[in-house]
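Accompanying notes for the structure given below.
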Amino acid sequence: MTTRIDIFSELSGRQKEAVQHTEGPLLIVAGPGSGKTRVMAHRIAYLTSVEGVAPWRVLAVTFTNKAARELRERAESLVGGDNSGLQVRTFHSFCAYVLRQDGGQIGLDPAFSIYDGDDQQRLVRSILEELDLDPKQFAPRAILSGISDAKNKMIDDSRLSKLSKSYFEEVVARVYVRYTELLATANAVDFDDLLLRAHTLFENNPEVLEKYQDRYRHVLVDEFQDTNAIQFSLARLLAAKHKNICVVGDPDQSIYSWRHADIRNLTDFQSVYPDTKTVTLDQSYRSTQTILDAASGVITHNDERLKKDLWTENNRGAPVTVGEAYDEDEEARVVLQEINRLVDEDDFDRREIAVMYRTNAQSRAMEAACNRHGVTYQLVGGTKFYERKEIRDTVAYLRLTVNPSDDAALERIVNVPARGISPRSVDAIRTIARTRGTSMLNVILQVDDEELGLEEALNKRAVNSVRAFADLMERLIEQSIILSAVDLLDLTLERSGYKRLVQEDKERGEERWDNILELRGSASNFEGPEPRERLIEFLENVALVSDIDSLEDDEDAITLITLHQAKGLEYDAVFMIGMEEGLLPHSRSLESVADTEEERRLCYVGMTRARKRLYMFHAFQRGFRGSRGAMMPSRFLGEIPLACVETVSIRRNSRTVRKVTPARGAAAGGSRGYDPTDIKRQAVTSGAVRTAQRGDFRVADRVSHPTFGDGIVIEAVDTGGDTEVTVAFGNGNGLKKLMAEFSGLKKVEPGKSTKAKHEDPELGDAFLDAP
DNA sequence: TTCCCCACCCATTGG
DNA sequence: GGGTGGGGAA
């Protein structure tokens, strides 16, 4: 048994304070690397081993399953023993747990399904069809986002139409009504519902709430800056009795407002709980002073911000390396070169290196480069395992077996493998089911019931096919009560013909079957008595995994990850790529100051993931949806104090990264930060892009075209007779590939351009939004 | 009824 | 560049 001394030996004064304040509300404002996970783990250990609180009386809520697992493990290793019963979960998984226990009170069958985004979209599409509305005019995505907004404001379907101010909102309200009905028929909930319905359950059933209030004497919430209104309300309800609520967060790392996260939860915490004790952890044990200075330089540009200065006793460390690459391929190559150098010369471990980016699409160039250069990598997200067709199909069979009302699952597999139930037949089944307010499988199982009229609606062959499917599902449902998840999976794959379908796929069959076996492997973790309960657990697990959960710490590989998913992680070396206007900050965020500030926080999150080395690259041009665009370096680069920066010039097709120490020293730098236009000029004049120069037209030449107007040459390839040039035109004409002579392209001498200055691509024509 | 091909539309971030 | 959905042929 660990003693009290041991628990405290590795904590700072502030950290101890946070651990020991166990009675009453506690707000921990924790900067990046200030040891908040350590504090939470110690706090749990302190509660259970020193204060004698039973582990099952502690509820800790984290942002991801991975964080939950890690927190539990750390707390357990501190007390050196059993913490069983300790609840460490995500909000979603906690709510699912509550709803399985007590959802009956609000009419939810414990075997309910959890609809994912894809299920939701299909459902909305079918509703639009039902209501005779054009999905092009009313994008299912937009409608779902409207429904989600309503749910997060706790507006139920019966009230929304009264609040709608436009025809579109009226449509959203109408779809919402039907959507709610159909989810109920399917005995299903969506992600928002998990939170919302648990909340409703607590509010409407005091005796249920009290049960949980009594049980949890201590409630801890991690990443509190990214919780939404419902989540905070849930936490408040749960803690209302004992008032022992401890929240940990950092307003500078709030990056999920688009998912309804509300920073006011954090900033207003003290007014909700006036007797709050606040502890600020501002010492970083993670990053070098230079990295902290660079990150602070960026984040202080946010106007909406509570001032907080991080400090560290760590070394100054190396400067932040900033550089421009020609395009995304070169960017990837340079990153890998530098990674190899770090590993070979500076003894860095590949496991401790990550490449971070704003959008998932950016991983492609990195992956290609890794494959070409034989660098092993772990991609977080990627072609997400649970979104692969064979996985979704297999899971759909199991979902339908557990919850026969699950129409989304049924629609997915009713004719997979093809068994003679055509889309027309499915339409007929759906229509009957919806008219009768029942599920589609229910209709199918009653195919011989004349009253339903299914037999009439279908032709003879289809009726036989439907009957065969009904037999299959009946058998599977029967077996699901007695078989384990794995055995049921095997039976399902065999009897449904899905196994044969996959294995007959000559091109990808083996790979797809391997994926199914992997799913089978994770199902084997859910064995035990009451197989049906275990199966439901397994399916819930499948529905609630996040990409980050599968990140392995012990794989000898570099990590490729989005900035959002990198939250909470740390690496010795971090490479942030795509540091360009339009990507970071993302073009979709430029309309509002609040959104742009969130992009800056995202940049801050990325930078503060680094312990020792931080690299930030931007590209001169980048591929985008098949075409290419000239890119401007991100404004955030210019916000880094010069004294922290080392710029590099990258030579195309060369194997070395030449370091250029800025001539402007720390003292001379004044308030100016990194000036990207300098490096661009340097790169162009130093021949960084020389291989692209051909014929009369050279990269960076100003040109004029009879129809497209003035532009600048981005690429020039000699094709023998003529020169094929890629030109970035102003006036929203974007990028064009032209045969120089044939198209009548003319060079324009500097200064002779007739067009205004703003058309100079070097100044600002980022082409991300060009038509 | 199924399968294949082409056109079109699209991707910010994610539980 | 890729996924999906619709339309046409077998």
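The chains referred to below are lettered A, B, ... by the order of the sequence lines, with proteins before strands, and numbering in each begins at 1. Scope of the values below: all heavy atoms of this structure, side chains included, with no hydrogens, waters or symmetry mates.
More than 12 heavy atoms of other shown residues, nucleotides or ligands fall within 6.0 angstrom of atom CD in E130(A). The neighbour count for R305(A) CZ, taken as heavy atoms of other residues, nucleotides or ligands under 6.0 Å away, is above 12.
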Show, in sequence, the C-alpha distance, side-chain angles and deciding distance for S363(A) and N360(A), and conclude whether the side chain to side chain donor-acceptor pair (under 3.5 Å) test is met.
CA-CA 6 Å; S363(A) 71; N360(A) 282 305; 5.8 Å; no

Please step through side-chain contact (heavy atoms from CB on, under 4.5 Å) for the pair D118(A) and R122(A), ending with a clear verdict.
CA-CA 6 Å; D118(A) 194 58; R122(A) 286 162 191 262; 3.0 Å; yes

Would you list the protein and nucleotides 4-10 of chain C atom pairs, both N or O, that sit under 3.5 Å from each other?
none

Nucleotides 12-15 of chain B: which of its N/O atoms have a protein N/O under 3.5 Å away?
| residue | atom | partner | partner atom | Å |
| --- | --- | --- | --- | --- |
| dT12(B) | OP1 | R588(A) | NH1 | 3.2 |
| dT12(B) | OP1 | R588(A) | NH2 | 2.8 |
| dT12(B) | OP2 | R588(A) | NH1 | 3.0 |
| dT12(B) | O4' | H586(A) | NE2 | 3.1 |
| dT12(B) | O2 | R358(A) | NH1 | 2.8 |
| dT12(B) | O2 | R358(A) | NH2 | 2.0 |
| dT13(B) | OP1 | N360(A) | N | 2.9 |
| dT13(B) | OP1 | N360(A) | ND2 | 3.1 |
| dT13(B) | O4' | R358(A) | NH1 | 3.1 |
| dT13(B) | O2 | W258(A) | NE1 | 3.0 |
| dT13(B) | O2 | R358(A) | NH2 | 3.4 |
| dT13(B) | O2 | H564(A) | NE2 | 3.3 |
| dG14(B) | OP1 | T562(A) | OG1 | 2.9 |
| dG14(B) | OP2 | N360(A) | ND2 | 3.1 |

What's touching nucleotides 1-6 of chain B from the protein side, N or O pairs under 3.5 Å?
| residue | atom | partner | partner atom | Å |
| --- | --- | --- | --- | --- |
| dT1(B) | OP2 | S422(A) | OG | 2.8 |
| dT2(B) | OP1 | G420(A) | N | 2.7 |
| dT2(B) | OP2 | N415(A) | ND2 | 3.3 |

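The aromatic rings of F63(A) and Y256(A) are tilted relative to each other, their planes meeting at an angle between 30° and 60°. By the 30° and 60° cut-offs, the orientation of the rings of F138(A) relative to F168(A) is parallel.
Atoms CG and CG, on D190(A) and L144(A) in that order, are 8.0 Å from each other to the nearest 0.5 Å. Taking OH of Y179(A) as the start and CD1 of I143(A) as the end, the distance is 11.5 Å to the nearest 0.5 Å. The structure places NZ of K66(A) at 5.0 Å from CG of L551(A), a figure rounded to the nearest 0.5 Å. Once rounded to the nearest 0.5 Å, the distance linking CZ of F526(A) with CG of L539(A) reads 9.0 Å.
Taking the salt bridge (Lys or Arg N to Asp or Glu O under 4.0 Å) definition, one finds that D116(A) meets it with R392(A), sequence neighbours left out. Checked against side-chain contact (heavy atoms from CB on, under 4.5 Å), E129(A) has no partners two or more places apart in sequence or in another chain.
Atom CD of Q121(A) is separated from atom P of dC9(B) by 16 Å (rounded to the nearest Å).
Taking atom C1' in both dT4(C) and dT13(B), the straight-line distance is 23 Å, to the nearest Å.
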Taking Watson-Crick (N1-N3 plus N6-O4 or O6-N4) and G-U wobble (N1-O2, O6-N3), each under 3.5 Å, can you produce the dot-bracket string of DNA chain B? Use [ ] for crossing pairs and | for inter-strand ones.
||||||||||.....

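Paired with E580(A) under the rule salt bridge (Lys or Arg N to Asp or Glu O under 4.0 Å), one option of R622(A), R635(A), R358(A) passes, and it is R622(A).
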